[in-house]
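Only heavy atoms go into these numbers, but all of them, side chains included; no hydrogens, no water, no symmetry mates. Each chain gets a letter, A, B and so on, in the order its sequence line appears, and its residues count up from 1.
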Amino acid sequence: MVSKASRSRRSTVAAMDSAEVRDAYDVMAIQDRWLPIWDELAPFRSGRADDPRPKKYVLDMFPYPSGDLHMGHAEAYALGDVIARYWVQRGFNVMHPIAWDAFGLPAENAAIKNGEDPVRWTYENIAQQKASMRRYACSFDWDRVFNTCDPEYYHWNQWFFLRMFERGLAYRKDSNVNWCPNCQTVLANEQVVAGLCERCDTAVTKKKLTQWYLRITDYADRLLDDMRELEGKWPEKVLLMQRNWIGRSTGAEVQFAIEGRDEPVTVYTTRPDTLYGATFFVVAADSDLAAELAAGTAAESEFVAYLERVKQISEMDRLDSSREKSGVFLNRYAINPVNGERLPIYASDYVLADYGTGAIMAVPAHDQRDLDFARAFGLPVVVVVESDEDPRVTGIATADDGPHINSGPLDGLGKADAITRILELLVERGTGEPAVNYRLRDWLISRQRYWGTPIPIVHCPSCGEVAVPDDQLPVTLPPAEGLDLKPKGTSPLGGASDWVNTACPSCGGPATRDTDTMDTFVDSSWYYLRYADPDNAAAAFDPALVREWLPVDQYVGGVTHAILHLLYSRFFTKVLHDMGMLDFTEPFTRLLNQGMVVMDGSAMSKSRGNLVRLSDELAEHGVDAIRLTMVFAGPPEDDIDWADVSPSGSRKFLARAWRLSGDVTSMPGADPSTGDVELRKATHRAVHDAAIAVETFRFNVAVARTMELVNATRKAIDSGCGAADPAVREAVEAIAIMLSIVAPYTAEDMWSRLGHEPTVFLAGWPAVDPALLVEDTVTCVVQVGGKVRDRLEVPPSISEEDLRDLALAAPGAIKALDGAAIRTVVVRAPKLVNIVPA
RNA sequence: GCGGAAGUGGUGGAACAGGCAGACACGCUGGUUUUAGGUACCAGUGCCUUCGGGCGUGCGGGUUCAAGUCCCGCCUUCCGCACCA
């Protein structure tokens with residue numbers, strides 16, 4: 001495909017005579033000409049102290065160096081580049097940085113599979129991506145680059161971890177975690193896709209392990225409430241997904257006495273008003289409470305067997321909500337605090353150990369899960385909220401509002417009133433209180449992997465968990481050589497005995513380092529801060545520099561990170577704010593989610609055989625045509641189906657635009673005010689409309705306006721005012737500048753052919769003359785009964801009366817009316833008149 | 001199951017605040033230049049038509065002088081969450 005394209009290009013050039021060659025748009029030659037010059041000029045450097053321009057921070061999500069850039073990168077970085085370059089043209093000092101999210105599993109997999117050194121593998125990929133980005137003409141500030149796998153960077157991961165450790169925000173606990181029996185490793189929730197390990201598709205199970213967590217749940221309310229300031233600036237979809245993820249619910253905690261136990265057990269419920277309908281009590285089978293309640297009872301052996309069975313159930317099967325309810329009666333009873341009824345206690349896996357208190361009151365009439373369980377175990381169902389359908393008959397629990405019955409003091413009350421009343425009663429009697437719960441869990445950051453940030457903790461037999469002192473940071477990774485990186489349930493770092501065995505920083509006795517590494521989401525939770533001060537060896541960043549640039553004005557990235565990365569970054573920002581390091585609480589002021597590039601309707605993948613290689617596309621069509629195709633395809637947040645777009649069409653348009661620059665015969669600096677007014681109006685209209693389109697993320701429309709101007713200019717040269725008219729120069733220069741944000745090579749070459757020095761990127765967005773935006777005539781539509789029957793050319797300032805008279809006299813209107821009487825005439829000067837017949 | 005978003009020509013998509021539906025492209029058709037064309041330029045291109053016009057923004061209603069746009073009820077597709085008490 002490539003060779004065919006390049007062969008035809010060569011033969012084309014060979015067949016042309018010299019005049020044609022001079023006038024040919026040679027994409028590859030243009031790329032080769034300008035790249036070294038831009039390297040020299042570095043037009044997008046943003047760090048100069050004496051720069052008087054106002055600052056703006058445009059940020060693209062940084063890439064993982066898994067190989068060379070692909071079509072998805074090409075789209076994302078083309079869009080981010082339009083925004084960054086536009087603001088540079090508007091006179092801003094734009095910081096548009098890039099770095100590499102360089103820790104992570106693929107490096108380790110390459111090491112396991114091919115015996116590669118993760119360090120070498122990673123840095124080679126970074127070098128390749130960097131070279132590709134330069135050629136792709138990304139307007140990055142190359143002076144601010146870093147890699148998260150550099151000790152100079154992850155030093156500060158460790159430093160932040162320790163600050164959180166000091167504040168109790170980083171802690172270790174035992175918990176049931178996702179476990180892949182094949183990979184022999186812990187998985188984060190996000191790595192479990194439909195109950196399967198995202199890497200090997202093995203059914204995931206649960207395992208009890210001691211792991212490090214960050215206490216993000218402490219920030220749940222702020223993460224939720226602060227979204228108010230992102231309203232209208234972030235995609236509504238992302239805000240919604242974050243709200244759902246945090247999952248705040250309000251209800252009550254109610255204490256139930258347990259027969260034969262000193263302490264009562266607290267349950268959480270969102271429906272305390274249905275307390276009188278509770279007929280049994282359920283504890284999570286895998287909770288400590290269940291084991292304790294079962295201990296020593298006749299049901300103990302049955303419970304142990306059940307628990308064993310539950311543990312074997314894969315995550316995939318567990319998520320199947322149509323599964324039959326199962327459980328074990330523990331031979332024990334809880335006492336309903338409002339009516340003293342004895343509720344049998346069951347252990348079941350439909351109650352989650354880590355949500356609420358791991359125990360529930362079951363109200364089968366008004367909760368489907370409880371009803372399913374009640375029917376499976378023959379338990380009574382008591383309706384306490386009246387409704388048309390009886391759950392005992394239908395098998396469908398009712399959750400609607402309605403008057404309460406069988407509920408003592410709540411009888412007759414509606415849901416809201418009943419909740420208020422029962423809360424008062426519970427508080428009065430000291431058996432309950434209002435409570436809030438979250439779906440969000442603390443962030444598990446331990447990973448039993450090699451290629452990540454070592455957790456800077458030393459385990460000492462006498463002092464316990466001891467923080468590595470700041471002056472001993474960073475705790476650097478030992479070399480991979482000699483370590484067994486294969487997943488085996490414990491961190492590969494455990495095999496580096498020289499590294500693991502160390503002196504306790506507190507007592508000096510023999511101790512061991514923590515062998516887990518951090519989730520790579522830690523790396524990306526603060527990288528946007530590091531750009532402000534990337535080379536700081538004494539601190540993560542200088543707060544003064546961060547204050548200058550942050551928060552990020554515009555963040556651009558895929559919706560795949562809608563929850564985790566963005567939530568974690570927001571969390572970090574708030575923690576750092578509380579530590580006094582930041583003066584803002586939200587890191588990303590505006591967010592744009594770009595779509596994906598797909599092929600023939602589905603995501604590209606090697607196995608599907610629909611993979612389009614970016615390098616092939618670039619070789620065939622050139623950088624600018626690919627960038628233009630990405631931008632012109634449609635709204636940025638929509639997916640692009642590569643089968644539906646036309647990179648060759650993009651290239652033809654660019655050639656057409658480029659040729660204009662060779663036609664201009666007026667000299668640089670020619671005064672446009674003497675030029676052709678019609679073309680000037682088209683130019684100023686296009687520049688004005690394109691700017692609005694870019695600022696509202698309608699980049700495809702901005703390109704359409706540029707295309708219209710190219711068409712108008714072509715016409716003006718060939719059959720209008722002619723190439724010598726200064727309006728033509730004005731138009732072509734405007735086109736070069738408008739194109740500079742999308743197709744930088746073509747734009748720069750046009751700029752040069754127009755007699756200007758590089759670089760067009762700093763030429764400045766053309767000033768719009770408002771006088772040229774005013775039309776001298778407007779097309780007025782004359783409707784009869786809502787249908788267009790005639791058109792009039794009228795001055796925009798025409799009065800309603802005059803327009804009405806003109807419309808009534810319009811031949812098309814008279815014909816359509818056919819003598820009918822007129823009921824009313826709606827006049828919307830100057831664009832529309834609607835004559836309504838009686 | 002719950003929550004959300006979106007349905008416009010053959011295709012990708014335009015349409016400010018309820019006021020000319022289909023901008024700009026792709027594709028297709030015809031023409032000009034060319035030994036040739038995967039080039040360039042010009043013209044045409046929503047559907048139907050008895051050439052008067054009629055019909056058209058997923059479907060069915062409604063509001064309005066006027067609806068792709070607002071309201072009600074469906075259908076379809078995509079996305080997120082999924083025993084969260």
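For B:G52, the base adopts the syn conformation, since its glycosidic angle falls within 90 degrees of zero. For B:G9, the O4'-C1' to base torsion is within 90° of 0; the nucleotide is therefore syn.
The side chain of A:Glu620 has B:G38 as its nearest neighbour among B:C41, B:G38, B:G3. When each of B:C20, B:G12, B:G52 is scored by its nearest atom to the side-chain atoms of A:Lys815, the top-ranked nucleotide is B:G52. Between B:C20, B:A66, B:A14, one nucleotide has an atom nearer to the side chain of A:Val781 than all others, and that is B:C20. Which of B:G80, B:A82, B:A25 sits closest to the side chain of A:Phe632 comes down to B:A25. Of all nucleotides listed (B:G12, B:A85, B:A23), B:A85 comes nearest to the side chain of A:Thr270. In this structure, the nucleotide among B:A21, B:A85, B:C24 sitting nearest to the side chain of A:Met707 is B:C24. Counting only heavy atoms from C-beta on, A:Pro635 has its side chain closest to B:A14 among B:A85, B:A14, B:A21.
As judged by a 4.0 angstrom heavy-atom cut-off over every strand, A:Asp370 is placed among residues making no nucleic acid contact. A:Val282 comes within contact range of no nucleotide atom at all, as no heavy-atom separation falls under 4.0 Å. Counting any heavy atom pair closer than 4.0 Å across all strands shown, A:Val836 reaches sugar-phosphate atoms only and no base atom. Among the atoms of the strands shown, only primed sugar atoms or phosphate atoms (P, OP1, OP2) are found under 4.0 Å from some heavy atom of A:Ser249.
A close approach under 4.0 Å does not occur between any side-chain nitrogen or oxygen of A:Asn700 and OP1 or OP2 of B:A23. A sub-4.0 Å separation between OP1 or OP2 of B:A85 and a side-chain N or O of A:Tyr355 is present. Close to B:C24, at under 4.0 Å from its OP1 or OP2, lies no side-chain N or O of A:Thr706. Taking 4.0 angstrom as the limit, A:Arg714 places none of its side-chain polar atoms (N or O) nearer than this to OP1 or OP2 of B:A40. The shortest distance between the side-chain N/O atoms of A:Lys787 and the OP1/OP2 oxygens of B:C55 is below 4.0 Å. One finds a side-chain N or O of A:Arg439 lying less than 4.0 angstrom from the OP1 or OP2 phosphate oxygen of B:A82.
Between the CD atom of A:Gln783 and the C1' atom of B:C20 there is a distance of 8 Å, given to the nearest Å. B:A15 atom P lies 11 Å from atom CG of A:Asp689, rounded to whole Å. Regarding A:Leu709, its CG atom lies at a distance of 15 Å from the C1' atom of B:A23, rounded to whole Å. To the nearest angstrom, P of B:A6 lies 13 Å from CG of A:Leu240. In this structure, A:Arg656 places its CZ atom 9 Å from C1' of B:C41, rounding to the nearest Å. Put simply, CH2 on A:Trp245 is 17 Å from C1' on B:G4, counting in whole angstrom units. The CG-P distance, from A:Leu792 to B:G19, rounds to 20 Å in whole Å. A straight line from NZ of A:Lys652 to C1' of B:G27 spans 10 Å, rounded to a whole angstrom.
Note that the CH2 atom of A:Trp245 and the CG atom of A:Leu440 stand 8.5 Å from one another [nearest 0.5 Å]. A:Glu75 contributes atom CD, which lies 5.5 Å from atom CD of A:Gln594 (distance to the nearest 0.5 angstrom). Here OG of A:Ser602 is found 11.0 Å from CG of A:Asp639. Values are rounded to the nearest 0.5 Å.
Pair check for B:G22 finds none; no Watson-Crick or G-U wobble contact set falls under 3.5 Å. The base-pairing partner of B:C83, taking Watson-Crick or G-U wobble contacts with both distances under 3.5 Å, does not exist among the strands shown. Taking a pair to require two hydrogen-bonding distances under 3.5 Å in either a Watson-Crick or a G-U wobble arrangement, B:U29 pairs with B:A43.
In this structure, A:Lys325 fails the cation-pi test against A:Phe373, since its NZ or CZ atom is not both closer than 6.0 Å to the six-membered ring centre and inside 45 degrees of the ring normal.
The neighbour count for A:Glu389 CD, taken as heavy atoms of other residues, nucleotides or ligands under 6.0 Å away, does not exceed 12.
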Between A:Arg804 and A:Glu801, does a salt bridge (charged side-chain N to carboxylate O under 4.0 Å, His left out) hold up when you go through it step by step? CA-CA 5 Å; A:Arg804 181 193 154 98; A:Glu801 291 73 25; over 6 Å; no

A:Asp349/A:Arg309 under salt bridge (charged side-chain N to carboxylate O under 4.0 Å, His left out): CA gap, chis, key distance, verdict: CA-CA 10 Å; A:Asp349 64 353; A:Arg309 224 164 51 231; over 6 Å; no

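Checked by distance alone, A:Lys325 brings a side-chain donor or acceptor within 3.5 Å of a matching partner on the base of B:C83.
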